[in-house]
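Heads up: numbering here begins at 1 and tracks the sequence. Indexing begins at 1, ligand by ligand and atom by atom, following the structure's order.
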Amino acid sequence: MKFNTKAIHAGQSPEETSGAVMPPVFQTSTYVQQAPNVHKGYDYARVGNPTRTALEALIAGLEGAKEAVCFASGVAAMDAIMKMFRPGDHIVASDDLYGGSYRLFTQVFEPYGIEFSFTDLSDTKVVERALRPSTKMIWIETPTNPLLKLVDIRALTALASTRGILTAVDNTFASPYLQQPLELGADMVMHSTTKFLGGHSDVIGGAVATSDEELLEKLRFQVKTTGAVPGPMDCYLILRGIKTLAVRVQRSVENAATLAEQLQQHPAVGHVIYPGLASHPGFDLAKRQMKGPGAMISFRLKDDSMDAAVRVMQRTQLFALAESLGGVESLISHPASMTHGSIPREIREKVGVTDSLIRLSVGIEDADDLWEDLEQAL
Ligand SMILES: *Cc1c(COP(=O)(O)O)cnc(C)c1O
């Protein structure tokens, strides 16, 4: 089955008792047993729920994984992965990381004795130097947030596997439609299903997909034991969202490519960061590794000040000022004061999150209307 067909059919079959085409929302906490431990595969809803099973089968299908495990949020999915490690274990992660991931690693797991190095994963030689005998995993985010740096998944997984190091890819920014990390050699792929997979800004969720039986067992143990499970209605909403993933992402990418070109021409705009522009250092890698350059754009203004950026964001009508991404509606945000507001200015500027940096999540509206909105705001 190819991707567009999988998005509708992978792991899905009509419900047995009624023939319902969509899996029902099994709103139950427990299941009747014929005799102790004799049941139809479900005993308690923290451990499993048929609506969740349908979603897990669909996500596994999209990522080419044996199975997927769903969680109550993206950070809960990462939390379950991190709990596989023990004090003294070392993890190498990107220095341009989703803020919530950085907070989880440094404020929850570092105090428990897990060690982290944050490095530029776009340079394989730099990564090699960061590895230690105790390194257990490389945590990859690509494209990164908000600077849209690209990391060569195949090169890093090749480096890691020769040394018995696990690799996990946060595939939230690309979505499985544009990038399939397991095929490129990664051991695990993680999603905030809140974003492109859900696609309608109406639900929070997370998932990890893998074909490694041992990792799957550890993830299932975590979800059962620590309980960060998604509710059946949330699973249903994400499953419903995924059915249109391919057409939504395709349109968003078309719109983003158009807007990136137009932004580049505008006299008030400084540097435009978009992996589909020839000026982007990851332009060739994006072509190799992704089916399209994504729906996210970051750009700086010629007047690189907070005031200038805030003025633009207050003038847009269609682009709503909000955190998050990956929905049908276009969003605009200001990393320096929003997602990266707690990072000291010098550090933030050193990695490239300067005062006027603006991040766009491009939705599926008409590109002409989106450009008109940006142009009047600029
Ligand atoms: C949103 C996001 C997360 C966290 O997911 P939640 O569903 O908000 O918990 C992790 N990684 C990336 C790249 C994200 O965009």
Side-chain angles (χ1 to χ4, degrees), residues 52 55 59 63 68-83 91 93-109 116 118 121 137-151 153 168-179 181 186 188-209 222-223 226-231 233-235 237-239 241-242 245 249 252 275 290 294-298 322-327 331-335 338-340 351 353 359-363:
R52 200 199 315 166
L55 174 62
I59 293 174
E63 288 289 2
V69 181
C70 285
F71 294 87
S73 66
V75 293
M78 281 189 283
D79 179 76
I81 292 174
M82 291 302 154
K83 284 174 183 156
I91 290 164
S94 163
D95 62 358
D96 182 30
L97 203 60
Y98 175 71
S101 312
Y102 185 76
R103 187 175 59 215
L104 179 74
F105 296 170
T106 56
Q107 293 190 39
V108 176
F109 287 98
F116 294 88
F118 298 97
L121 297 190
M137 182 170 75
I138 302 177
W139 180 264
I140 301 167
E141 211 184 287
T142 181
T144 63
N145 174 40
L147 296 168
L148 307 176
K149 280 200 260 181
L150 258 74
V151 175
I153 299 174
V169 177
D170 181 341
N171 203 24
T172 302
F173 260 47
S175 91
Y177 177 71
L178 296 178
Q179 176 172 279
M188 284 179 273
V189 54
M190 170 259 155
H191 279 284
S192 166
T193 54
T194 311
K195 316 291 169 54
F196 288 100
L197 292 176
H200 296 75
S201 306
D202 54 4
V203 63
I204 297 279
V208 183
Q222 283 299 337
V223 82
T226 63
V229 295
M233 187 65 199
D234 289 353
C235 290
L237 286 170
I238 295 158
L239 193 134
I242 290 175
L245 175 74
V249 175
S252 284
M290 302 174 75
M296 307 296 296
I297 304 171
S298 291
E323 292 195 8
S324 200
L325 60 123
L331 301 178
I332 188 165
S333 72
H334 186 230
M338 294 165 78
T339 45
H340 292 59
V351 295
V353 182
R359 190 191 81 176
L360 304 177
S361 171
V362 181

Residue list, ring pair (Phe, Tyr, Trp, His ring centres under 6.0 Å) with Y177, at least two apart or on another chain:
F3
Measure and list all N/O to N/O distances between ligand 1 and the protein that fall under 3.5 angstrom.
{"residue": "ligand 1", "atom": "5 (O)", "partner": "S192", "partner atom": "OG", "Å": "3.0"}
{"residue": "ligand 1", "atom": "7 (O)", "partner": "G74", "partner atom": "N", "Å": "2.9"}
{"residue": "ligand 1", "atom": "7 (O)", "partner": "S192", "partner atom": "OG", "Å": "2.8"}
{"residue": "ligand 1", "atom": "7 (O)", "partner": "T194", "partner atom": "OG1", "Å": "2.7"}
{"residue": "ligand 1", "atom": "9 (O)", "partner": "G74", "partner atom": "N", "Å": "3.0"}
{"residue": "ligand 1", "atom": "9 (O)", "partner": "V75", "partner atom": "N", "Å": "3.0"}
{"residue": "ligand 1", "atom": "11 (N)", "partner": "D170", "partner atom": "OD2", "Å": "2.7"}
{"residue": "ligand 1", "atom": "15 (O)", "partner": "K195", "partner atom": "NZ", "Å": "2.7"}

Quick one: salt bridge (charged side-chain N to carboxylate O under 4.0 Å, His left out) partners of K83, sequence neighbours excluded?
D79
Could you tell me which residues satisfy ring pair (Phe, Tyr, Trp, His ring centres under 6.0 Å) with F105, sequence neighbours excluded, listed by chain and number?
F116, W139
Residue pair M338 / R359, side-chain heavy-atom distance below 4.5 Å
no
Tightest non-hydrogen contact, residues L245 and P176, listed as CD2-CG, 4.1 Å
Step by step, would you call M82 with V108 a side-chain contact (heavy atoms from CB on, under 4.5 Å)?
CA-CA 10 Å; M82 291 302 154; V108 176; over 6 Å; no
